[in-house]
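Report on one structure; see the data block that follows.
Values below: all heavy atoms of this structure, side chains included; hydrogens, waters and symmetry mates excluded. In this chain, numbering begins with 1 at the start of the sequence shown. Bear in mind that the values here come from a model prediction, so they are computed numbers and not experimental data.
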Amino acid sequence: MATWKDDAELFALIRQELFTALVGDILDQNGYEHQFLPPEIRPLDPRMVVTGRAMPVLEADIDNEIIHRNPQLQKPFGLMFEALDSLKPNEVYICSGASPAYALWGGLMSVRAIHTGAAGAVVNGYSRDTNEILGLSFPTFSMGGYAQDQAPRGKVVDFGNPIRFGKVIIKPYDIIFGDRDGIVVIPAEVENDVLEGALEKARGEHLVRKSLEKGMTTVEAFARYGIM
């Protein structure tokens, strides 16, 4: 049973006590060995941390035949505005599906996301308006800055449904946790076990560190704590 009362308390605990490497270790131990997003997805500022519930967004390169059959996709950005406006507090706009040929996130999108209470943005491609986003301190993870616009090149074709991002299938309500070492996806169905285990390990690692600082060998530390 979870020891936190709600998401606000949970995400505060994650920020205060956890880091992605540790959570990834616990996922491995639970049989979830492919939960990290591709390593080229990095925070715009190494100090940025993102944690929240996934709001998956599917982007696609423009296909004129598909657009012709679907009037919704004839809009300049497809369903991007609807996806952005649907964000709820503590949700992460997480987008994949397109080729990395243009920016999937920008400054004005960040302004709107902040107003909704969203926790951050993670895109399988580039972002732009980097100075503006850094000035807003909005947690944004991407392949880096690249100014080419998506409007004539790609559209959001779906949101609020599962997407593939690298090797990971991301479903609505999964937990997204990212720091300078990567982004890990915690499936909602195992979040309590994984995060309770991660918090326990984090507190155990603190004891190991104290013992190592006092001169205990790694062999002794592992024998006593089972952590390294």
Side-chain angles (χ1 to χ4, degrees), residues 11 15 20 35-62 73 75-168 170 172 174-185:
F11 297 141
R15 288 176 172 275
T20 55
Q35 295 304 121
F36 272 95
L37 299 187
E40 58 267 24
I41 310 301
R42 314 295 297 176
L44 290 184
D45 183 322
R47 296 168 294 183
M48 287 178 170
V49 173
V50 62
T51 179
R53 300 283 178 185
M55 202 288 280
V57 177
L58 182 64
E59 178 98 11
D61 297 344
I62 285 177
L73 299 182
K75 302 174 183 179
F77 296 91
L79 302 175
M80 188 187 78
F81 298 147
E82 288 83 353
L84 195 57
D85 287 344
S86 78
L87 281 168
K88 298 177 179 62
N90 292 318
E91 285 190 336
V92 178
Y93 183 104
I94 185 159
C95 179
S96 188
S99 62
Y102 46 87
L104 299 173
W105 189 261
L108 292 179
M109 295 176 74
S110 299
V111 172
R112 175 59 183 154
I114 289 170
H115 186 78
T116 69
V122 178
V123 298
N124 196 3
Y126 294 99
S127 53
R128 67 181 201 166
D129 308 321
T130 304
N131 288 338
E132 183 177 1
I133 294 172
L134 292 175
L136 293 166
S137 298
F138 185 69
T140 300
F141 289 63
S142 70
M143 291 181 181
Y146 183 46
Q148 185 149 263
D149 191 18
Q150 66 178 293
R153 301 172 178 88
K155 295 177 186 286
V156 170
V157 297
D158 192 21
F159 63 94
N161 290 303
I163 61 170
R164 179 179 292 277
F165 196 133
K167 294 182 177 181
V168 187
I170 301 172
D174 287 348
I175 291 179
I176 308 299
F177 178 32
D179 59 22
R180 66 190 301 167
D181 286 333
I183 306 160
V184 67
V185 180

>> Tell me if a side-chain donor or acceptor on Asp61 pairs with a main-chain N or O of Ser99 at a distance below 3.5 Å.
In response: yes

>> Could you report the tightest heavy-atom contact between Glu91 and Ser86, atom names first, then the distance?
In response: OE1-O, 4.0 Å

>> Measuring from atom CG of Asp179 to atom CZ of Arg42, what distance do you get when rounded to the nearest 0.5 angstrom?
In response: 9.0 Å

>> Please tell me whether Thr20 and Asp181 have a donor and an acceptor in their side chains that are separated by less than 3.5 angstrom.
In response: no

>> Looking at Lys155, is its backbone amide N or carbonyl O close enough to the side chain of Glu59 to form a donor-acceptor pair, meaning the two atoms are under 3.5 Å apart?
In response: yes

> Taking all non-hydrogen atoms of both residues, which atom of Pro46 and which atom of Arg180 are closest, and how far apart?
Replying inline: O-CB, 3.4 Å

> If you take all heavy atoms of Pro139 and Val50, which pair is closest and at what distance?
Replying inline: CB-CB, 4.1 Å

>> Can you confirm whether Met109 sits close enough to Met80 that some side-chain heavy atom of one is under 4.5 Å from a side-chain heavy atom of the other?
In response: yes

>> Once rounded to the nearest 0.5 Å, what's the spacing between atom CG of Leu136 and atom CG of Asp129?
In response: 10.0 Å

>> On a heavy-atom basis, which atom in Ser127 and which in Leu44 lie closest, and how many Å separate them?
In response: OG-CD2, 3.6 Å

>> Quick check: do Pro172 and Pro56 have side-chain heavy atoms less than 4.5 Å from each other?
In response: yes

> Rounded to the nearest 0.5 Å, how far apart are CD1 of Ile133 and OG1 of Thr140?
Replying inline: 4.5 Å

> Any salt bridge between Arg128 and Asp149, counting N to O under 4.0 Å?
Replying inline: yes

> Would Phe177 and Val49 count as a side chain to side chain contact (heavy atoms under 4.5 Å, CB included) if you check the C-alpha gap in whole Å, the side-chain angles of each, and the deciding distance to 0.1 Å?
Replying inline: CA-CA 8 Å; Phe177 178 32; Val49 173; 3.9 Å; yes

> Near Arg15 CZ, under 6.0 Å, is it more than 12 heavy atoms from other residues, nucleotides or ligands?
Replying inline: yes

> How many angstroms lie between CD1 in Ile94 and CD1 in Ile176, if you round to the nearest 0.5 Å?
Replying inline: 4.0 Å

>> Are Phe141 and Val123 packed together at the side-chain level, in the sense that at least one heavy-atom pair is separated by less than 4.5 angstrom?
In response: no

>> Does the plane of the ring in Phe138 sit parallel, tilted or perpendicular to the ring in Trp105? Use 30° and 60° as the thresholds.
In response: parallel

> Can you check side chain to side chain contact (heavy atoms under 4.5 Å, CB included) on Leu104 and Tyr126, steps first, answer last?
Replying inline: CA-CA 6 Å; Leu104 299 173; Tyr126 294 99; over 6 Å; no

>> Once rounded to the nearest 0.5 Å, what's the spacing between atom CZ of Phe36 and atom CD1 of Ile183?
In response: 9.5 Å

> Would you call Leu37 and Asn124 a side-chain contact if the rule is heavy atoms closer than 4.5 Å?
Replying inline: no

>> Tell me whether Gln35 contacts the main-chain N or O of Val185 through its side chain, where contact means a donor paired with an acceptor under 3.5 Å.
In response: yes

>> If I take atom CG from residue Leu87 and atom CZ from residue Phe159, how far apart are they, to the nearest 0.5 angstrom?
In response: 9.5 Å

> Can a salt bridge be assigned to the pair Asp174 and Arg53 using a cut-off of 4.0 Å between side-chain N and carboxylate O?
Replying inline: no

> Any idea which heavy atoms bring Val157 and Ala60 closest together, and the distance?
Replying inline: CG1-CB, 4.0 Å

> Glu132 versus Ser110: any side-chain heavy-atom pair under 4.5 Å?
Replying inline: no

>> Could you report the tightest heavy-atom contact between Thr51 and Ala119, atom names first, then the distance?
In response: O-CB, 3.4 Å

>> Within the structure provided, determine whether Val122 and Ile41 are in side-chain contact (heavy-atom separation under 4.5 Å).
In response: yes

